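Just below is one structure, and these are the notes that go with it.
Every number for a ligand or one of its atoms is a count from 1 in the order of the listing. What you see below is based on every heavy atom in this structure, not just the backbone, and it leaves out hydrogens, waters and symmetry mates. All of these numbers come straight from a predicted model, not from anything done at the bench.
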Amino acid sequence: MTCSANEIWMKRCFELARRGAGAVSPNPLVGAVLVHGNRVIAEGWHERWGGPHAEVNCFRAVAPSDEKFVPESVLYCNLEPCSHHGKTPPCAELVAKKGVKKVVIANKDPNPLVSGRGIERIRNAGIQVEAGVLADEGLFLNRYFFTGITEKRPYIILKWAQSSDGFLGRPGERTAVSGQAALRLAHRWRSESDAILVGAVTAATDNPSLDTRFWFGKNPLRVLLDGGGSVPLATRLLSDDRETLVFGPERSGVADCKRFTGTNTHTPVQEILDVLYSENKWILYVEGGAGVLQQFIRSGYWDEIRILESTIILGGGVKAPPLPEGAASLSEFMVGPDQVKIFFRQSVYDQGYSNVSIS
Ligand code: AOF
Ligand code: ZN
């Protein structure tokens, strides 16, 4: 397949944007490239939440000797430049002031504060705007951002590791299923999430740290579903010095960094999502166990499923959840001896995509 110049530079924007994964949410992943003729004169990306936007970093990267080329250059950016005064000033103003020749974007910003006004501001400055280049890839890259804006809930990733004969582990004991390389990948996925959730059985059986020790980047907020208040206080989630949000009754004898919702029954998924969304957790990573995964699947709240399938044979134990109806295979690849299988929910995507109109 041959790519047009527009597509080549837009793909570069996506690549740059991805560098912000794990550091910018609930802001979107955004990359920007400034091209003069066939030569890139600057690149930038949104590096951290609250920090300068991609366009700002891109213009800052122009060498003094290249400044004179800016009015003849094309700015590529995967998201419409913003028009609002947020934590940073409007990028559309900056673009208009710089007076580039043309702006090419993948997606309109669905944020109601922007939503077409950035494009309008730039066009009013007499600058040509072309929107919709690789729009589907752009939507996919920022699927958590579009889901968050349109559905007002976190993007939900269900993850599990299973043996080749379809078991999560032996009941009541921590079972090593994945290899080292797969473990590292799983920690990268954790670092790119905002919250990581497990149920009471997993907390008590595995005593997990739910951290990112095999990868770089931040640790997500740990969330424990313990409506029965039964998870032993000595487990890491309840006894270490890191924050844990517990959907369950208040417990005494725990450090202040542990927060309890006070509910002493099973919390419906919808309520969990509302709380997390209100805390700006727009990417939720659900690690199990089987009961919790099934609870999410049954409630219909899931967007993506990531399975790490190893070559070991357990011959029995806790069964992995069956794939829900409507799970479309996105990719399959090997990580060391383990196979990674990624599925997403086609219907949610169709819905989400059509809600976001590209002009
Ligand atoms: C851009 N370029 O690189 C990003 C944009 O609070 P603020 O000021 O950081 O604004 C956040 C909003 O800005 C975010 O919700 C989205 O609408 C837009 N993000 N826009 O022009 C960028 N990250
Ligand atoms: Zn901006």
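Here the angle at the Zn ion (ligand 2) defined by SG in Cys82 and SG in Cys91 stands at 120°, rounded to 10 degrees.
Ion pairing of Arg345 with Glu304 is absent here, as no side-chain N (NZ or NE/NH1/NH2) approaches a carboxylate O to less than 4.0 Å.
Side chains of Tyr285 and Arg190: no donor on one and acceptor on the other come within 3.5 Å. With hydrogens and angles left out, the side-chain atoms of Asp303 and Tyr144 include no donor and acceptor closer than 3.5 Å.
What sits closest to atom 23 (N) of ligand 1 on the protein, heavy atoms only, is His46 CD2, 3.3 Å. The closest protein non-hydrogen atom to atom 20 (N) of ligand 1 is His53 ND1, 3.4 Å. Of the protein's heavy atoms, Glu55 OE2, 2.7 Å lies nearest to atom 21 (O) of ligand 1.
If you look at His53 and ask which of its N, O or S atoms sits nearest the Zn ion (ligand 2), the answer is ND1.
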**Prompt:** So Asp194 and Ser25, side chain to side chain donor-acceptor pair (under 3.5 Å) or not? Walk me through it.
**Reply:** CA-CA 7 Å; Asp194 295 331; Ser25 164; 2.4 Å; yes
**Request:** Could you give me the CA-CA distance, side-chain angles and deciding distance for Trp160 and Gln162, then say whether side chain to side chain donor-acceptor pair (under 3.5 Å) is met?
**Result:** CA-CA 6 Å; Trp160 67 83; Gln162 65 182 47; 2.8 Å; yes
**Message:** Between Arg121 and Ser83, does the side chain to side chain donor-acceptor pair (under 3.5 Å) criterion hold? Intermediate values first, please.
**Reply:** CA-CA 7 Å; Arg121 172 72 189 90; Ser83 54; over 6 Å; no
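In this structure, Phe145 counts as a contact residue of ligand 1, since one of its heavy atoms falls inside 4.0 Å of the ligand. Contact annotation: His84 has at least one heavy atom less than 4.0 Å from an atom of ligand 1.
For ligand 1, the polar-atom distance check against Leu79 finds no nitrogen or oxygen pair separated by under 3.5 Å. Considering backbone and side-chain N/O atoms, Gly50 never comes within less than 3.5 Å of an N/O atom of ligand 1.
Both tests do not hold together for Lys152 against Tyr277: distance to the six-membered ring centre under 6.0 Å, angle to the ring axis within 45°.
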